Amino acid sequence: MPLSKLLLLIASFLLIATQWSVHEAQVPPSERDGFMYTSHPLDSHTIFIDAFFDPVCPDSRDAWPPLKQAIQHYGSRVSLLIHLLPLPYHDNAFATSRALHIVNSFNKSATFTLMESFFKYQTRFYNAKTHNMSRAAVVDDIVKFASQAVGNSYSSLIQAAFNDRKTDLKTRVSFKYSGSRGVYGTPWFFVNGFSLPDAGDPIDYNAWRKVIDPLITAQGVKSQGALHYF
């Protein structure tokens, strides 16, 4: 077979395989990926932060308090959307991420309570701690943990949702969304759509101030300029 035809055949096969993979394995999200931490309205002056976390990643855990402090400091001037990237080398990252998606589906106000509980008691779900446990036993432990964190009345709902394929797919779509943004580690941050340097490392409060303060100052200069123009 001529080389040109062979290359065309290979290209056609890859195209078909890719289309099949997209249709079979990827479920398009019905809404924006992630959990919105802030609730105030967005406008053209809002500084928007995307944060990518893994519930059982120590660096994600360490990155959360200073980011939370910065968000509280700036109030309505900054909005935060948190995405989950369950890293494959953390054995229980996917199941804990799935628990967060489950809780968020029926009680959005409890999502961050559970996330902070995972961070606080993170070692309970480290690889070594659960090495001799079956997958079913780990999931059962996560269900109990999540129920205690957000309220035992939700226990049956959380348990049932772990048997619902939709929650599995939602967690997979979130993972794929991270990949579509070029994110491959946690924590990872974008500010107004631009990735911050030193991805994978926590950012302390003072560093957040150095990132956000100049943006707010620049907005003030633009506003003054617009005022003088008119």
Side-chain angles (χ1 to χ4, degrees), residues 29 31-87 89-90 93 96-97 99-101 103-104 108-123 125-126 149-150 174-175 177-226:
E31 56 186 19
R32 172 185 285 181
D33 178 77
F35 311 133
M36 185 64 77
Y37 181 69
T38 48
S39 58
H40 45 261
L42 305 179
D43 58 37
S44 60
H45 295 293
T46 302
I47 296 169
F48 198 89
I49 299 175
D50 288 281
F52 292 79
F53 286 155
D54 175 337
V56 290
C57 167
D59 288 327
S60 294
R61 175 198 63 205
D62 295 342
W64 174 238
L67 174 57
K68 182 179 179 180
Q69 183 182 0
I71 296 300
Q72 292 171 342
H73 172 77
Y74 289 106
S76 61
R77 291 174 292 182
V78 177
S79 286
L80 172 64
L81 183 64
I82 291 183
H83 310 270
L84 298 179
L85 173 57
L87 298 171
Y89 41 83
H90 294 150
T96 52
S97 295
L100 285 165
H101 280 289
V103 167
N104 188 71
K108 287 180 169 55
S109 63
T111 305
F112 296 98
T113 298
L114 179 56
M115 186 185 78
E116 290 183 342
S117 294
F118 278 134
F119 285 158
K120 184 176 181 179
Y121 300 102
Q122 197 177 72
T123 57
F125 302 105
Y126 281 175
V150 303
S174 190
F175 176 87
Y177 175 78
S178 300
S180 74
R181 296 288 299 272
V183 177
Y184 53 83
T186 60
W188 197 298
F189 304 104
F190 291 81
V191 175
N192 289 346
F194 292 92
S195 178
L196 296 185
D198 300 321
D201 294 325
I203 298 177
D204 64 28
Y205 175 71
N206 290 330
W208 277 116
R209 293 290 303 270
K210 291 177 181 178
V211 170
I212 298 173
D213 282 351
L215 297 176
I216 292 177
T217 300
Q219 287 180 354
V221 171
K222 289 180 180 179
S223 298
Q224 292 174 8

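Predicted, not measured: the structure shown is a model, and the values here were computed from it. Sequence positions, counted from 1, serve as the residue numbers for this chain.
For T186, the side-chain contact (heavy atoms from CB on, under 4.5 Å) test picks out D54, C57, S60, L85, L87, with sequence neighbours left out. In this view, S79 and T38, H40, L42, T46, F48 satisfy the side-chain contact (heavy atoms from CB on, under 4.5 Å) rule, not counting sequence neighbours. Every side-chain contact (heavy atoms from CB on, under 4.5 Å) that Q69 has, sequence neighbours left out, goes to Y205.
Annotation for F125: atom CZ counts as buried by contact number, over 12 foreign heavy atoms lying within 6.0 Å. Annotation: Y121, atom OH; neighbour count of heavy atoms from other residues, nucleotides and ligands within 6.0 Å does not exceed 12.
A distance of 7.5 Å separates CG in D50 from CZ in R32, rounded to the nearest 0.5 Å. Residue W208 holds its CH2 atom at 5.0 Å from CG of L67, rounded to the nearest 0.5 Å. Note: F118 CZ to L100 CG = 5.5 Å, rounded to the nearest 0.5 Å. In this structure, CG in N104 is found 4.5 Å from CZ in F35, a value given to the nearest 0.5 Å. Put simply, CZ on R77 and CD on Q219 are 9.0 Å apart, with the number rounded to the nearest 0.5 Å. Here the straight-line distance linking atom OG1 of T123 with atom CZ of R61 works out to 8.5 Å at 0.5 Å rounding.
For the residue pair D62 and P66, the shortest heavy atom distance occurs at O-CD, 3.4 Å. Taking every heavy atom of both residues into account, S97 and P55 meet most closely at OG-CD, 3.4 Å. Between A149 and S117, the shortest heavy-atom contact is CB-OG, 3.6 Å. L81 approaches G34 most closely through the heavy-atom pair CD1-C, 3.7 Å.
Taking the six-membered ring where tryptophan is involved, the planes of W188 and Y184 are perpendicular, since the angle between them exceeds 60° and thus also 30°. Taking the six-membered ring for Trp and thresholds of 30 and 60 degrees, Y37 and F112 have ring planes more than 60 degrees apart, a perpendicular arrangement.
I71 places a side-chain heavy atom less than 4.5 Å from the side chain of I49. Residues I47 and Y74 have side chains not in contact (no heavy-atom distance under 4.5 Å, counting atoms from C-beta outward). Looking only at side-chain heavy atoms (C-beta outward), T96 and H90 stay at 4.5 Å or farther from each other.
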Working for side-chain contact (heavy atoms from CB on, under 4.5 Å), residues I203 and V211:
CA-CA 10 Å; I203 298 177; V211 170; 5.8 Å; no
Take Y177 and F52 through the side-chain contact (heavy atoms from CB on, under 4.5 Å) test and state the conclusion after the steps.
CA-CA 10 Å; Y177 175 78; F52 292 79; 4.0 Å; yes
Evaluation steps, side-chain contact (heavy atoms from CB on, under 4.5 Å), between F53 and M115:
CA-CA 10 Å; F53 286 155; M115 186 185 78; 4.2 Å; yes
